[in-house]
There are 2 protein chains.
Amino acid sequence: MSMAEYKGKVRNIQDTPFGYTMSVIGGKWKMVIIYLLAENQPIRFNDLKRQIGAITFKMLSSQLKELEADGLVKRKEYPQVPPKVEYSLTDKAETLLPVLEKLCEWGVKNQNN
Amino acid sequence: MSMAEYKGKVRNIQDTPFGYTMSVIGGKWKMVIIYLLAENQPIRFNDLKRQIGAITFKMLSSQLKELEADGLVKRKEYPQVPPKVEYSLTDKAETLLPVLEKLCEWGVKNQNN
DNA sequence: CAGTATCCCAGTTGATACTG
DNA sequence: CAGTATCAACTGGGATACTG
């Protein structure tokens, strides 16, 4: 939906493409996870947790699951002991990176005015 | 901050330009408000509420205040009875519109796959 | 190692009534 | 008309302990 189509129609932002985008990347940690994945993939669960630092196991786990369900993150499990799981970005997630850059650029330009 | 600079540094997303952008537009209704303002400015409080539909007075009021504090929305009050207040976008907000379009475009392309 | 399960609190949002 | 005040409900996220 373009902006022009919004006029007089919006009842619930969740029903718009923007709402979809936000549902996919709007989580508190999702952007950080995507950024770090972009730079470090593939990466194991605990390595990712170390990179983020402040996040709890529970949050990292739930956010990764949602990202996987939304087709942004691939999860590869190695059947061995001790367990080993590697996370990486899907092609769909790669197409999102330029958009995220735009958000960052706007933030850089406008944070101090 | 570009993606490259994220590596090994992120502790709190709020401290990044992306975090700033989200703090400014991430509120539940802020994007809708900005979209509708872009199409209908200047617009009065109750007209805006009618356009959005589901929002409460309280939410519209608080979101507009935050947008104004962040320099995205202008508020013009006419000293008359009954009161009349018009809201419109600032230049800063106008620079945000192309970025929002990108988010929408990604949503359109990816909502069904 | 890579997670789950459980409990709980704090902040956000909603409903309703009221005001300058 | 353009809001504010108050209280209730919902929800996201954190702490901790446990498991295959």
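Only heavy atoms go into these numbers, but all of them, side chains included; no hydrogens, no water, no symmetry mates. Here is the naming used below: chain letters follow the sequence lines, and residue numbers restart at 1 for every chain.
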Test side-chain hydrogen bond (donor to acceptor under 3.5 Å, both in side chains) applied to B/D47 and B/K49, B/R50, B/R44, the passing residue: B/R50

- prompt: Counting just side-chain N and O atoms, does A/T56 come under 4.0 Å of either OP1 or OP2 of D/dA15?
  reply: no

- prompt: So, is B/W29 near the phosphate of C/dT12, with a side-chain N or O under 4.0 Å from OP1 or OP2?
  reply: no

statement: Between CD of A/E66 and P of D/dG13 the distance, given in whole Å, is 9 Å

task: Round to the nearest Å and state the distance from A/F57 atom CZ to D/dA17 atom P.
output: 14 Å

Of all the choices, [options], which nucleotide is nearest to the side chain of [X] once you look at every atom?
X: B/K28; options: C/dA2, D/dC1, C/dG14; value: C/dG14
X: B/K58; options: C/dT13, D/dT4, D/dC1; value: C/dT13
X: B/R44; options: C/dG14, D/dC1, C/dA2; value: D/dC1

- line: The residue, A/P83 or A/Q63, whose nearest nucleotide of DNA chain D is more 5′ is A/Q63

query: If you look at every strand shown and take non-hydrogen atoms under 4.0 Å, does B/Y87 touch a base, only sugar-phosphate, or nothing?
result: sugar-phosphate

query: Nearest heavy-atom pair of B/Q63 and B/K30: which atoms, and what distance?
result: OE1-CG, 3.2 Å

query: Taking a hydrophobic cluster as the set of Ile, Leu, Val, Met, Phe, Trp and Tyr residues connected by side-chain heavy atoms closer than 4.5 Å, whether directly or through intermediates, do A/L97 and A/M22 fall within one such cluster?
result: yes

query: Would you say B/L67 and B/F57 are hydrophobically clustered, going by side-chain heavy atoms of ILVMFWY under 4.5 Å?
result: yes

